[in-house]
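Every number for a ligand or one of its atoms is a count from 1 in the order of the listing. Side chains included, hydrogens not; waters and symmetry mates left out as well; all remaining heavy atoms used.
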Amino acid sequence: MSVSTGLSYLAIPGPSVVPDRVLRAMHRASPNIYEGELVEMVPGLIEGLKRVAGTQHHGAIYITNGHGTWEASLINTLAPGDKVLVPATGSFAHGWAGIARSLGIEVEILEFGKRAPVDPAALQARLAADSAHDIKAVLAVHTDTSTGIRSDIPAIRGAMDAAGHPALLMADCMASLGCDRFEMDAWGVDVTIAGSQKGLMMTPGLGFVFFNDKADGARDRLERVTNYWDWRPRTNPDVFYHYFSGTAPTQHLYGLAEALAMIEAETLEGVWARHGALAQAIWAAFDHWGSAGPLEINAPRGHRSHSVTALNAGSDKATALRKWCEAKAGLTLGIGLGMAEAGTPEWHHHFRLGHMGHVNGHMILGALATIEAGLKAVDLPHAPGGVVKAAEHLADAL
Ligand SMILES: *Cc1c(COP(=O)(O)O)cnc(C)c1O
């Protein structure tokens, strides 16, 4: 039998849980896109997004997913033949690098493997060696969703400054915006990209690109920026449709407005603190389970994301655990991504827990208790009582 009937919980690292409030806000007849409420609402939405990103500069909304924002960030700043440096701590850095290559951009990967953050000293050394300043941008992923590793963006900025290097700093905050502390302007980031479907608690479909005047200046020397991706009309529109290079994403914008209102009500500091406390509860559980068995959090301590945890089960039982949790208890865990080749036995060693956006104490404690039941059911060796450690952590922390 199963006990899965009831509220199901999609605990994968995006798309994340969409609050009922947001869904209800989207459930409406199509609004007029030429005048009225929707048209008047958009400038305020962009200001709200900029507050979440910690920037006073420019913000553009695209009807796209994260891949589209990867492309938008590059098309507006780099020309074919330009070179970028990509410090890599997982699959998503390689994904961004692949988009750059497809645009004719020369890519150099600075590889840190799957279990370590970006090392600022290595980055500084590489940039210092580039005395001709051939490298035009550093593409840094804040939280790599495949490995659960969060890199230190201020330290990356510091490395670039210490090397005296003028490259643009671009940050992929798809998995971290609205989860982990991020302050674009204070941290000296020139371009930030994010999307609607992770920490921002919305359905997939909206991509966000924030940029400062230095990044916009890089656009001046480009021969061509394709019309759809051009961020200038979107941030300085002559007519309303320029915001989206066409029809506005009508119902999505109402959902986004509701999600931003929820973040403002909780405050950004409150949102960050909630994600931090829940992440620590999750680590307490997994570290305890793993104290008597092979189960292990992939990311090293001190470099763990507050929005996603990647796990190694140490055997091929991760897939059985995922399937048990979903079929028996209504909890969907994420597959491992980029940790092992699909089709190999090792692929079944990995899974991920998404804890981004609309998550709270009882959801996380419920998910952890379900996982503990699953560990026992699939006979994955572990120290019983991880849930108690998580509960104790929250009791103390709150
Ligand atoms: C999810 C994600 C992306 C890609 O987003 P898509 O919407 O799947 O295109 C890019 N970077 C990071 C860090 C992500 O977590």
Side-chain angles (χ1 to χ4, degrees), residues 10-18 52-53 60-75 84 86-103 107 109 112 114 117-118 137-153 156 169-182 184 189 191-210 229 249 252 255-256 259 275 279 298-299 303-310 333-339 350-357 359:
L10 183 71
I12 68 175
S16 62
V17 174
V18 181
V52 173
I61 304 177
Y62 292 83
I63 303 180
T64 187
N65 55 22
H67 280 65
T69 65
W70 274 341
E71 189 151 337
S73 64
L74 301 170
I75 272 198
V84 295
V86 183
T89 64
S91 301
F92 286 89
H94 292 280
W96 203 359
I99 302 268
R101 278 191 211 98
S102 77
L103 292 169
V107 173
I109 303 274
F112 295 101
K114 293 174 179 155
V118 173
V138 173
L139 313 186
V141 177
H142 188 203
T143 286
D144 200 299
T145 321
S146 62
T147 55
I149 290 169
R150 186 187 61 198
S151 289
D152 185 341
I153 299 291
I156 289 173
L169 173 56
M170 302 200 198
D172 174 346
C173 295
M174 285 293 300
S176 56
L177 202 71
C179 306
D180 286 86
R181 177 178 295 278
F182 177 79
M184 173 168 167
V189 174
V191 178
T192 300
I193 59 172
S196 51
Q197 81 271 29
K198 296 185 183 176
L200 296 189
M201 307 184 287
M202 253 292 290
T203 60
L206 299 180
F208 311 121
V209 179
F210 306 94
W229 293 113
H252 271 63
L256 177 66
H275 281 84
N298 181 65
H303 307 286
R304 292 174 177 173
S305 150
H306 287 174
S307 60
V308 52
T309 300
L333 300 169
I335 59 166
L337 205 63
M339 300 302 289
H350 301 275
F351 69 104
R352 291 175 301 158
L353 178 62
H355 36 103
M356 45 179 61
V359 287

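Residues Val18 and Met201 come closest through the heavy atom pair CG1-O, 3.6 Å. Smallest separation of non-hydrogen atoms from Ser146 and Arg352: O-CD, 3.8 Å. A pairwise comparison of heavy atoms in Val107 and Ala100 identifies CG2-CB, 3.7 Å as the closest pair.
With sequence neighbours excluded, no residue satisfies salt bridge (Lys or Arg N to Asp or Glu O under 4.0 Å) with Asp172. Judged as a ring pair (Phe, Tyr, Trp, His ring centres under 6.0 Å), and not counting sequence neighbours, His355 has no contacts.
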Which side-chain N or O atoms in residues 89-99 pair as donor and acceptor under 3.5 Å with protein atoms at least two apart or in another chain?
residue, atom, partner, partner atom, Å
His94, NE2, Glu111, OE1, 2.8
Trp96, NE1, Ser73, OG, 3.4

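Under 4.0 Å from any atom of ligand 1, one finds heavy atoms of residues Asn65, Gly66, His67, Trp70, Phe92, Val141, Thr143, Thr145, Asp172, Met174, Ala175, Gln197, Lys198.
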